[in-house]
Amino acid sequence: MAGSTGHTQVPRKQCVLLLKAPKEEQEDHFVEALTHAGYRPLVVPVLAFKFVNQRELASALRQADNLSGVILTSPRSVQAVSRASSLLKESGDTFDPSSLRCFVVGEATAAAARAAGFHPEGQETGNAEALAEVILETDYQVQEIIAYETGPSERLQDDVADVIKKEGVPESVVFFSPSGVQFTESIVQQGILPLQKMKVYALGPTTQKAVLAHDYHLDGVAAKPDPASLVQVLTQVIEIARFTV
């Protein structure tokens, strides 16, 4: 890979299609970072979320004194815990987030966890696999509660088609999750999302595996699920192309 990317000039504001979950806050930091770096990001939400097992989660939080910690894998999981905590309040119980050791995946989850009252750690690992290695070193026993389910956005096909009709085929596309890869499979097969005409990127190693499992070509992988890592890999690919022409 190329070295420093600080002075690379992005040609003519390359269009980058972001296939990601609906934003969970007013500001989308990926859009901000890409725009600041000279790209033209376009977001198409690929997922729809449904919270599940809320009472089971609330029951676990009610017995927080018996827990050594909590693992939060995404900002959406933080939201699920907050909703379950509200259920406890309705029944006269309370849950203090600061009372539990809190492990998180990535900076976005860490920020959401802090806002919810946790004191997160482990975000520097960058992905779930690396975090798991850290947790296993502590010899914890892990109880898994699935707090939400994902499904495809009902407007996914129309939204992608509208973007391409209005903007043309983007130079690059970024898959943010294995679910995003799965749920776009049909529109790739139909030619609505012409990956063969685009540079394809994955956010993190788990999504990388999903992209390769579908036999898609892959031009780059963001090492961590954060805006800086995505900008870095996009810019590195541009540098490599510039020096190999």
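Here the closest non-hydrogen pair linking Leu67 and Ala60 is CD1-O, 3.7 Å. Listed here is the closest heavy atom pair of Ala80 and Ala147: CB-CB, 3.5 Å. When every heavy atom of Val211 is checked against every heavy atom of Ala202, the shortest pair comes out as CG2-CB, 4.2 Å. Shortest non-hydrogen contact noted between Phe183 and Val46 is CD1-O, 4.1 Å. Nearest heavy atom pair, residue Val104 against residue Pro120, reads CG1-CB, 3.7 Å.
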Legend entry - Derivation of the side chain to side chain contact (heavy atoms under 4.5 Å, CB included) call for Glu185 and Tyr216: CA-CA 10 Å; Glu185 181 177 10; Tyr216 300 155; 4.1 Å; yes
Inset, instruction - Might you work through the side chain to side chain donor-acceptor pair (under 3.5 Å) test for Thr207 and Tyr201, ending with a clear yes or no? - result: CA-CA 9 Å; Thr207 306; Tyr201 298 87; over 6 Å; no
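No donor-acceptor pair under 3.5 Å is formed between the side chain of His119 and the backbone N or O of Pro97. No side-chain donor-acceptor contact under 3.5 Å links Asn53 to the backbone of Glu56.
Remark: Arg62 is not positioned above the aromatic ring of Phe95, lacking an NZ or CZ atom under 6.0 angstrom from the ring centre and at most 45 degrees off the axis.
Val81 and Phe51 fall into different hydrophobic clusters, defined by Ile, Leu, Val, Met, Phe, Trp and Tyr side-chain heavy atoms under 4.5 Å apart, directly or through other members. Tyr148 and Leu72 fall into different hydrophobic clusters, defined by Ile, Leu, Val, Met, Phe, Trp and Tyr side-chain heavy atoms under 4.5 Å apart, directly or through other members. Ile145 and Ile71 end up in different hydrophobic clusters when Ile, Leu, Val, Met, Phe, Trp and Tyr side chains are linked at under 4.5 Å. Cluster annotation: Leu203 and Ile238 are assigned to the same hydrophobic cluster (Ile/Leu/Val/Met/Phe/Trp/Tyr, side-chain heavy-atom contacts under 4.5 Å, transitive). Linking ILVMFWY side-chain heavy atoms closer than 4.5 Å, directly or via other members, places Leu100 and Phe103 in two distinct hydrophobic clusters.
Using a cutoff of 4.0 Å between basic side-chain nitrogens and carboxylate oxygens, Glu124 and Lys224 are not scored as salt-bridged. A salt bridge links Arg101 with Glu121: the distance from a Lys NZ or Arg NE/NH1/NH2 to an Asp or Glu carboxylate oxygen falls below 4.0 Å.
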